[in-house]
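The structure appears right after this line, and notes come after that.
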Amino acid sequence: MKKFLLFASFLLLTACFDMNTSADSPASSTVSNVYTSQFPEVPIPMLMEPDPKNSLTTVNSAGEKLGRENFKGNMEASNLAAHMVQNLTSQSWSLIGSVQGEKTLQLYQKDSRYLVIFIESGTFNTSMQVWVVNHLNNFSLPTQGNDPFNFGDTPAFQSAPINDNFNDFGANSVFSE
């Protein structure tokens with residue numbers, strides 16, 4: 001009986017070890033291990049669960065979904081980042097740039113949309129934000145000369161005339177005369 005219990009516990013530990021290593025490895029992160037949530041062209045790993053209370057999506061005039069969707073799951077952040085690159089490029093998203101460290105930011109482009117992935121590793125799980133936004137067509141700031149902050153006659157903010165006798169700290173302040 002002892003040999004049977006020892007053998008059964010060995011098999012159980014082996015199965016648990018195999019599940020933990022294969023679930024988080026980038027090699028096993030293929031398109032078949034995903035689902036789509038709010039954004040049909042954004043594959044999400046099966047280990048990441050949607051957080052609908054912290055998500056906001058809308059539909060633009062072309063019928064495309066835009067907005068933000070949040071996810072949480074038990075997946076290592078670096079593996080999640082590698083998974084997203086692999087699966088998004090297979091969906092024709094072009095990786096424009098990325099920053100990876102304690103937090104990971106990835107920027108993608110496809111047709112008239114941008115996709116931003118923000119991954120943050122937590123104490124007990126990893127969180128991911130998925131943002132899908134439209135391009136801003138023909139967007140440019142009005143400029144005059146070489147100064148990009150000079151908007152002509154329109155002031156950047158309205159200000160009131162300054163009274164020289166005005167004291168922000170009150171009459172009894174150590175700064176009053």
Report summary line: For Asn125 and Gly73, the nearest pair of non-hydrogen atoms, with its separation, is CB-O, 3.2 Å

Query - Single-linkage hydrophobic cluster Val59~Val133, side-chain heavy atoms < 4.5 angstrom - result: no

Query raised in the report: Can you list the steps and then say if Asn79 with His83 is a side chain to side chain donor-acceptor pair (under 3.5 Å)?
Result: CA-CA 6 Å; Asn79 289 338; His83 176 93; over 6 Å; no

Query raised in the report: So, are Glu49 and Lys72 salt-bridged, with charged N and O less than 4.0 Å apart?
Result: no

Requested in this report: Spell out, as yes or no, whether a donor-acceptor pair under 3.5 Å connects the side chain of Arg68 to the backbone of Asn54.
Outcome: yes

Query raised in the report: When hydrophobic residues are tied together by side-chain contacts of less than 4.5 Å, even through go-betweens, does Phe118 share a cluster with Leu107?
Result: yes

Query raised in the report: Taking Lys110 for the side chain and Gln91 for the main chain, is one N or O donor matched with an acceptor at less than 3.5 Å?
Result: yes

**Report entry** Over 12 foreign heavy atoms within 6.0 Å of CD, Gln109
**Finding:** yes

**Report entry** Nearest-0.5 Å distance, CD of residue Glu76 to OG1 of residue Thr126
**Finding:** 8.0 Å

Report summary line: Taken to the nearest 0.5 Å, the spacing of Trp131 CH2 from Ile117 CD1 works out to 12.0 Å

Report summary line: Interatomic distance, OH@Tyr108 vs CE@Met84, rounded to 0.5 Å, equals 6.5 Å

Query - Interatomic spacing from CD in Glu69 to CD in Gln129 - rounded to 0.5 Å - result: 11.0 Å

Query raised in the report: Is it the case that one hydrophobic cluster holds both Tyr35 and Trp93, taking links as side-chain heavy atoms less than 4.5 Å apart, direct or via other members?
Result: yes

**Report entry** Linked, directly or transitively: Met46 and Val42 (ILVMFWY side chains, under 4.5 Å)
**Finding:** yes

Query - Shortest non-hydrogen contact between Val85 and Thr89, atoms and distance - result: O-OG1, 2.8 Å

